[in-house]
**Student:** 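Just dropping this structure here.
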Amino acid sequence: MKYLEEFQDPELARVLLEDIRATVTRPWAVMEVCGGQTHSIIRHGIDQLLPDEVELIHGPGCPVCVTPLEVIDKALEIAGRPEVIFCSFGDMLRVPGTDRDLFRVRGEGGDVRVVYSPLDALRIARENPHREVVFFGIGFETTAPPNAMTVHQARKQGITNFSMLVSHVLVPPAIEAIMTSPDCRVQGFLAAGHVCSVMGTEEYPQLAERHKVPIVVTGFEPLDILEGIRRTVRQLERGEHTVENAYQRAVRPEGNPAARAMLQDVFEVADRAWRGIGVIPGSGWRLSERYREFDAEHRFDVTGITTRESELCRSGEVLQGLIKPHQCEAFGTVCTPRNPLGATMVSTEGACAAYYLYRRLGAPAAATATAAATAAGAVPPTALEASPVG
């Protein structure tokens, strides 16, 4: 814990904030790509402590949030079959599909199990040779390596009743899509440190050069984020657009070679739909032809699914940074963590969930005081979590 506390030091935070205030001379819009960074920003009130000229835009980096509705509905269809044991991480169970979620499927008799590792699903397959075991494999470059390893192990161990419903997405193509959108306001990026710890940074210089935006690889603790913002603002003020690594304790330029080799062996790049955004070319992974026998979409007939998004939910605009969560009319009223209309309210990394958990939007003074106190390390997270909006 001491190691983490060093990255939450309030005195060092004040120094970084003062440096940002001294540097900035005009308005800038900076996007934090990862939902984990969003939660840290809102939890510690960093956005409220920054000078007015620096606006943080929340990006699409929440794996649960961007899993497309069609894949959710496919998961629901597969999970409802009597011969199937459907395994998933817990935060996917409440993500709404077109007309129900995995909790509802389990309530209706489906064998839906929460696991803490894809290897747990492989163990369940080994223990239940007469059932079909399906693991819901979602996420960014961070969760893909263990999922790839699990498929590799399934083949190596000769386990034939295991398959994976894959919906993996990639960050750099998403940055490209954001920057080419006609509505884009982003002028700089805080890149997700854990993604870069796997994939390295070699894809980012061309993005920074092509779109003339600084990209700073950033961690998740308060000082990590403030340092990332400080470096981004400095580049913007100087008219620079380079890639900087502000998370050197975890990120190397080459990433993790062993993880990348496993990904290359098991997956292949494909076009992928992002919930609320649409199809982004080359933005996802699917199982390669060599491992196609473990692809749940090929094993089960789940074609012809018709999807229908909520007419009230604006999570797609939240994911693109076009609106803040509280600017959605349904936020905190008809849409809450107990009754979510969109995945951004469900996920532990969702922007709507972060605003709901950590903000008191109806009492700005209290929110400001809370933010300042949190940055100084005086308010425990549980005190904030007990006071949701709604």
Side-chain angles (χ1 to χ4, degrees), residues 7 12-42 44-61 171-196 200-248 250-251 253 317-324 351 354 371 375:
F7 292 94
L12 290 176
R14 290 189 182 93
V15 171
L16 290 172
L17 281 164
E18 285 304 315
D19 194 274
I20 294 169
R21 291 191 186 99
T23 301
V24 69
T25 63
R26 68 191 109 163
W28 299 113
V30 178
M31 172 175 279
E32 83 274 4
V33 173
C34 177
Q37 292 170 334
T38 300
H39 268 253
S40 187
I41 287 166
I42 303 303
H44 294 282
I46 291 173
D47 56 330
Q48 295 178 327
L49 295 169
L50 290 171
D52 292 340
E53 291 88 349
V54 181
E55 178 190 3
L56 294 181
I57 298 176
H58 313 312
V171 168
I175 292 178
E176 178 74 31
I178 289 168
M179 291 309 299
T180 54
S181 168
D183 299 319
C184 178
R185 297 190 299 117
V186 179
Q187 295 165 296
F189 285 95
L190 306 181
H194 53 3
V195 168
C196 295
T201 58
E202 63 186 26
E203 294 184 82
Y204 290 100
Q206 53 188 317
L207 279 171
E209 177 61 31
R210 184 159 57 247
H211 299 291
K212 310 299 182 191
V213 291
I215 299 176
V216 178
V217 180
T218 307
F220 302 88
E221 294 301 321
L223 295 189
D224 289 324
I225 292 170
L226 286 170
E227 174 63 9
I229 295 169
R230 187 179 74 95
R231 294 194 187 198
T232 304
V233 170
R234 281 191 167 187
Q235 284 202 44
L236 289 167
E237 290 284 338
R238 294 170 179 167
E240 299 173 350
H241 46 270
T242 63
V243 177
E244 291 187 61
N245 182 5
Y247 197 39
Q248 292 189 3
V251 173
E317 295 170 80
V318 173
L319 288 169
Q320 297 176 71
L322 301 179
I323 64 170
K324 294 289 194 296

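What you see is a predicted model, and the numbers here were worked out from it, not measured in a lab.
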**Student:** If you measure from CD1 on Ile57 to SG on Cys184, what distance do you get to the nearest 0.5 Å?
**Tutor:** 7.5 Å
**Student:** So which of Leu190, Thr38, Ile178 actually passes side-chain contact (heavy atoms from CB on, under 4.5 Å) with Met31?
**Tutor:** Ile178
**Student:** Got a second to check how far Ile225's CD1 is from Ser40's OG, nearest 0.5 Å?
**Tutor:** 3.5 Å
**Student:** Suppose the criterion is salt bridge (charged side-chain N to carboxylate O under 4.0 Å, His left out): which pairs have a residue in residues 27-39, not counting sequence neighbours?
**Tutor:** none
**Student:** Would you say Met179 and Arg210 make side-chain contact, with heavy atoms under 4.5 Å?
**Tutor:** no
**Student:** Write down the atom of Gln37, the atom of Val33, and the distance for their closest heavy-atom approach.
**Tutor:** OE1-N, 3.6 Å
**Student:** Rounded to the nearest 0.5 Å, how far apart are CG of Leu56 and CG of Leu50?
**Tutor:** 5.5 Å
**Student:** Between side-chain atoms of residues 16-25 and protein atoms elsewhere (two or more places apart, or another chain), which donor-acceptor pairs fall under 3.5 Å?
**Tutor:**
{"from": "Glu18", "atom 1": "OE2", "to": "Arg21", "atom 2": "NH1", "distance (Å)": "2.7"}
{"from": "Asp19", "atom 1": "OD1", "to": "Arg234", "atom 2": "NH2", "distance (Å)": "3.3"}
{"from": "Asp19", "atom 1": "OD2", "to": "Arg234", "atom 2": "NH2", "distance (Å)": "3.4"}
{"from": "Arg21", "atom 1": "NH2", "to": "Leu49", "atom 2": "O", "distance (Å)": "3.1"}
{"from": "Thr23", "atom 1": "OG1", "to": "Asp19", "atom 2": "O", "distance (Å)": "2.7"}
{"from": "Thr25", "atom 1": "OG1", "to": "Glu237", "atom 2": "OE1", "distance (Å)": "2.6"}
{"from": "Thr25", "atom 1": "OG1", "to": "Glu237", "atom 2": "OE2", "distance (Å)": "3.2"}

**Student:** CG of Leu226 to CZ of Arg14: how many Å apart, nearest 0.5 Å?
**Tutor:** 12.0 Å
**Student:** Applying side-chain contact (heavy atoms from CB on, under 4.5 Å), name anything that partners His241, two or more places apart in sequence or on another chain.
**Tutor:** Glu209, Lys212, Pro214
**Student:** If we only count heavy atoms from C-beta on, is the Val195 to Cys34 side-chain gap below 4.5 Å?
**Tutor:** no
**Student:** One thing to verify: whether Lys324 and Glu55 come together as a salt bridge, which I'm taking to mean a side-chain N less than 4.0 angstrom from a carboxylate O.
**Tutor:** yes
**Student:** What are the two closest heavy atoms between Val217 and Gly193, and how far apart are they?
**Tutor:** CG1-CA, 4.0 Å
**Student:** Quick one: list whatever passes salt bridge (Lys or Arg N to Asp or Glu O under 4.0 Å) with Glu202, sequence neighbours left out.
**Tutor:** Arg260
**Student:** Check whether the ring centres of His194 and Tyr247 lie less than 6.0 Å apart, and answer yes or no.
**Tutor:** no
**Student:** Do you know the tightest heavy-atom contact between Ala246 and Glu227?
**Tutor:** CB-CG, 4.2 Å
**Student:** Let's go through Val213 and Phe189 carefully: what are the C-alpha distance in whole Å and the side-chain angles of both, what is the deciding distance for side-chain contact (heavy atoms from CB on, under 4.5 Å) to 0.1 Å, and is it a yes or a no?
**Tutor:** CA-CA 7 Å; Val213 291; Phe189 285 95; 4.1 Å; yes
**Student:** Do side-chain atoms of Asn245 reach the backbone of Val251 as a donor and acceptor pair under 3.5 angstrom?
**Tutor:** yes
**Student:** To the nearest 0.5 angstrom, please state how far the OG1 atom of Thr218 sits from the CZ atom of Arg230.
**Tutor:** 11.5 Å
**Student:** Looking only at atom types and distance, does a side-chain atom of Gln320 sit under 3.5 Å from a main-chain N or O of Pro60, one as donor and one as acceptor?
**Tutor:** no
**Student:** I want to check something: taking the side chain as every heavy atom from C-beta on, are Ile323 and Val318 in contact at a cut-off of under 4.5 Å?
**Tutor:** yes
**Student:** Might you point out which heavy atoms bring Val171 and Tyr204 nearest each other, and give the distance in Å?
**Tutor:** CG1-OH, 3.7 Å
**Student:** Output all residues satisfying side-chain contact (heavy atoms from CB on, under 4.5 Å) with Gln187, sequence neighbours left out; order by chain, then residue number.
**Tutor:** Trp28, Ala29, Leu236
**Student:** Applying ring pair (Phe, Tyr, Trp, His ring centres under 6.0 Å), can you list everything that pairs with His211, at least two apart in sequence or on another chain?
**Tutor:** none
**Student:** Between CD1 of Ile215 and OG1 of Thr201, what distance do you get to the nearest 0.5 Å?
**Tutor:** 10.0 Å
**Student:** For residues Gly188 and Thr232, report the shortest heavy-atom separation together with the two atoms involved.
**Tutor:** CA-CG2, 4.1 Å
